[in-house]
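Numbering of residues begins at 1 and proceeds along the displayed sequence.
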Amino acid sequence: MKKRIFVGIKISEKMLVFIKSWIKKNPWLYEQDFRLIKPENLHLTIIPPWYEENVDNVILKVEDRLKNSELKPFKITFDNISTGPNTKNSRLIWIKGRPNPDILRIKSFLEKSLGFSSVSKKFVPHITIARFREIKDIKELYNRVSIEENICSFSIFESRLSSKGSSYKLIKDFEFKC
């Protein structure tokens with residue numbers, strides 16, 4: 001049976017505390033028709049979801065390529081919390097990071113490992129905080145922030161869709177050589 005899977009990076013406890021604190025400081029959010037992403041589902045997507053028949057084969061491909069890789073831990077800086085994906089079609093609130101060479105390298109490595117061609121769409125590293133059910137009078141949101149995440153691993157997750165939103169199940173963690 002096919003599973004809907006994706007590759008992402010779990011967020012740190014520091015980032016989780018930061019996001020929870022930001023939400024508490026912005027009570028106007030609760031006036032909107034939105035759904036907060038559950039803390040256990042917060043992540044940074046590297047390869048978006050796709051349907052896969054043989055998940056074990058995907059794991060083997062990544063493990064095999066990772067043995068000979070030069071990937072190392074790196075840092076990514078998140079510099080704003082805003083509505084997205086653009087000002088004309090805001091469907092979510094996200095915390096956006098800067099696409100530095102390290103995150104682009106891991107994305108490229110994974111696309112090659114999994115046989116995906118690079119998507120022409122510009123990669124925007126982000127963590128989705130909330131999704132709007134219906135856009136009403138949400139004004140463009142833009143808060144400058146500065147929080148750095150240390151990235152030492154990535155994971156394959158299963159994404160399960162429901163009327164209450166997506167939930168994610170960890171399939172496998174992969175750590176970089178240190």
Side-chain angles (χ1 to χ4, degrees), residues 2-20 22-23 35-66 69 71-82 84-85 91-119 121-131 145 147-162 164-178:
K2 286 188 178 186
K3 290 184 178 183
R4 187 174 189 259
I5 64 173
F6 68 94
V7 180
I9 296 172
K10 295 185 271 187
I11 67 167
S12 67
E13 187 64 29
K14 177 177 115 179
M15 179 64 83
L16 180 59
V17 168
F18 180 83
I19 290 170
K20 285 180 176 181
W22 183 85
I23 291 167
R35 182 179 63 244
L36 280 175
I37 305 301
K38 292 178 184 174
E40 64 271 18
N41 286 336
L42 292 168
H43 66 278
L44 169 74
T45 300
I46 302 297
I47 306 288
W50 77 95
Y51 286 94
E52 183 62 51
E53 187 75 46
N54 190 340
V55 176
D56 290 336
N57 190 40
V58 170
I59 292 169
L60 289 173
K61 282 181 188 177
V62 173
E63 285 175 336
D64 188 50
R65 290 282 315 267
L66 202 53
S69 80
L71 296 177
K72 340 177 223 199
F74 62 93
K75 295 178 186 210
I76 183 168
T77 301
F78 291 86
D79 57 14
N80 74 75
I81 296 178
S82 58
R91 300 185 317 268
L92 51 92
I93 295 175
W94 57 8
I95 182 167
K96 287 174 49 178
R98 287 186 239 136
N100 65 36
D102 293 316
I103 194 116
L104 297 173
R105 190 174 303 114
I106 184 75
K107 182 168 177 53
S108 175
F109 167 83
L110 287 164
E111 287 171 341
K112 288 176 186 168
S113 298
L114 298 170
F116 294 132
S117 59
S118 287
V119 181
K121 196 164 100 173
K122 184 179 174 186
F123 178 60
V124 178
H126 68 278
I127 300 164
T128 301
I129 298 172
R131 292 190 182 281
V145 299
I147 185 163
E148 193 172 75
E149 277 282 82
N150 293 316
I151 308 298
C152 304
S153 64
F154 62 90
S155 306
I156 296 177
F157 296 91
E158 179 180 0
S159 173
R160 297 176 178 167
L161 303 175
S162 78
K164 296 178 183 175
S166 299
S167 64
Y168 309 120
K169 176 185 168 193
L170 175 67
I171 295 175
K172 174 85 175 162
D173 283 324
F174 298 90
E175 293 193 15
F176 305 133
K177 290 181 185 175
C178 294

### Trace of the side-chain contact (heavy atoms from CB on, under 4.5 Å) decision for Ile47 with Ile156
CA-CA 9 Å; Ile47 306 288; Ile156 296 177; over 6 Å; no
### Query
Heavy atoms, side chains only, cut-off 4.5 Å: are Trp94 and Ile127 in contact?
no
## Note on the structure
Heavy-atom closest pair (Lys96 atom, Val124 atom, distance to 0.1 Å) is CE-CG1, 3.8 Å
#### Entry: Arg91 and Pro85, any side-chain heavy atoms less than 4.5 Å apart
yes
### Query
Can you tell me how far the OG atom of Ser153 sits from the CG atom of Leu71, to the nearest 0.5 Å?
12.0 Å
### Message
To the nearest 0.5 Å, what is the distance between CG on Asn54 and NZ on Lys61?
### Response
8.5 Å
### Rounded distance [0.5 Å steps], CD1 in Ile171 versus OG in Ser159
10.0 Å
### Message
One pair to check against side-chain contact (heavy atoms from CB on, under 4.5 Å): His43 and Lys10. What are the steps and the verdict?
### Response
CA-CA 5 Å; His43 66 278; Lys10 295 185 271 187; 5.8 Å; no
### Closest heavy-atom pair and its distance - Ala130, Leu36
CB-CD2, 4.1 Å
### Query
Can you tell me how far CD1 of Ile46 sits from CG of Leu110, rounded to the nearest 0.5 angstrom?
7.5 Å
### For Leu42 against Ile129, the heavy-atom pair lying closest together
CD2-CA, 4.3 Å
### Message
Within the 4.5 Å heavy-atom criterion, are Arg98 and Ile76 side-chain neighbours or not?
### Response
no
### Task
Give a yes or no answer on whether the side chain of Asn100 reaches the backbone of Lys75 with a donor-acceptor pair at less than 3.5 Å.
yes
### Query
Got a second to check how far Ser166's OG is from Ile37's CD1, nearest 0.5 Å?
7.5 Å
### Query
Side-chain contact, heavy-atom cut-off 4.5 Å: Ile19 with Phe78?
no
### Query
Just by distance, with hydrogens left out, do Arg160 and Ser167 show a side-chain donor and acceptor under 3.5 Å apart?
no
### Message
Quick one: does any side-chain atom of Glu149 pair with a main-chain N or O of Ile11 as donor and acceptor, under 3.5 Å?
### Response
no
### Task
Decide yes or no for Ile95 and Trp22: does some side-chain heavy atom of the first lie under 4.5 Å from some side-chain heavy atom of the second?
no
### Message
Between Phe123 and Thr45, is the side-chain contact (heavy atoms from CB on, under 4.5 Å) condition met? List the steps.
### Response
CA-CA 10 Å; Phe123 178 60; Thr45 300; over 6 Å; no
### Message
So which atom in Pro125 and which in Ile103 form the shortest heavy-atom distance, rounded to 0.1 Å?
### Response
CG-CG2, 4.4 Å
### Query
NE2/His126 to CD1/Ile93 distance, rounded to the nearest 0.5 angstrom?
13.0 Å
### Message
Closer than 3.5 angstrom, by distance alone: can the side chain of Asn41 be matched with the main-chain N or O of Tyr168 as a donor-acceptor pair?
### Response
yes
### Query
So, Asp102 and Arg105, do they make that salt bridge, N to O below 4.0 Å?
yes
### Task
In sequence, state the C-alpha distance, the side-chain angles, and the governing distance for Glu63 and Leu60, and then conclude on side-chain contact (heavy atoms from CB on, under 4.5 Å).
CA-CA 5 Å; Glu63 285 175 336; Leu60 289 173; 3.8 Å; yes
### Query
For Met15 and Ile147, which heavy atoms make the closest approach, and how far apart are they?
CE-CG2, 3.7 Å
### Message
Quick one: does any side-chain atom of Lys3 pair with a main-chain N or O of Glu52 as donor and acceptor, under 3.5 Å?
### Response
no
### Task
Let me know which of Phe154, Phe157, Phe109 forms a ring-ring contact (aromatic ring centres under 6.0 Å, His included) with Phe174.
Phe154
### Task
Could you tell me whether the side chain of Val7 reaches within less than 4.5 Å of the side chain of Leu114, counting heavy atoms only?
yes
### Task
Grab the two heavy atoms, one from Phe6 and one from Trp50, that are nearest each other, plus how far apart they are.
CA-CZ3, 3.9 Å
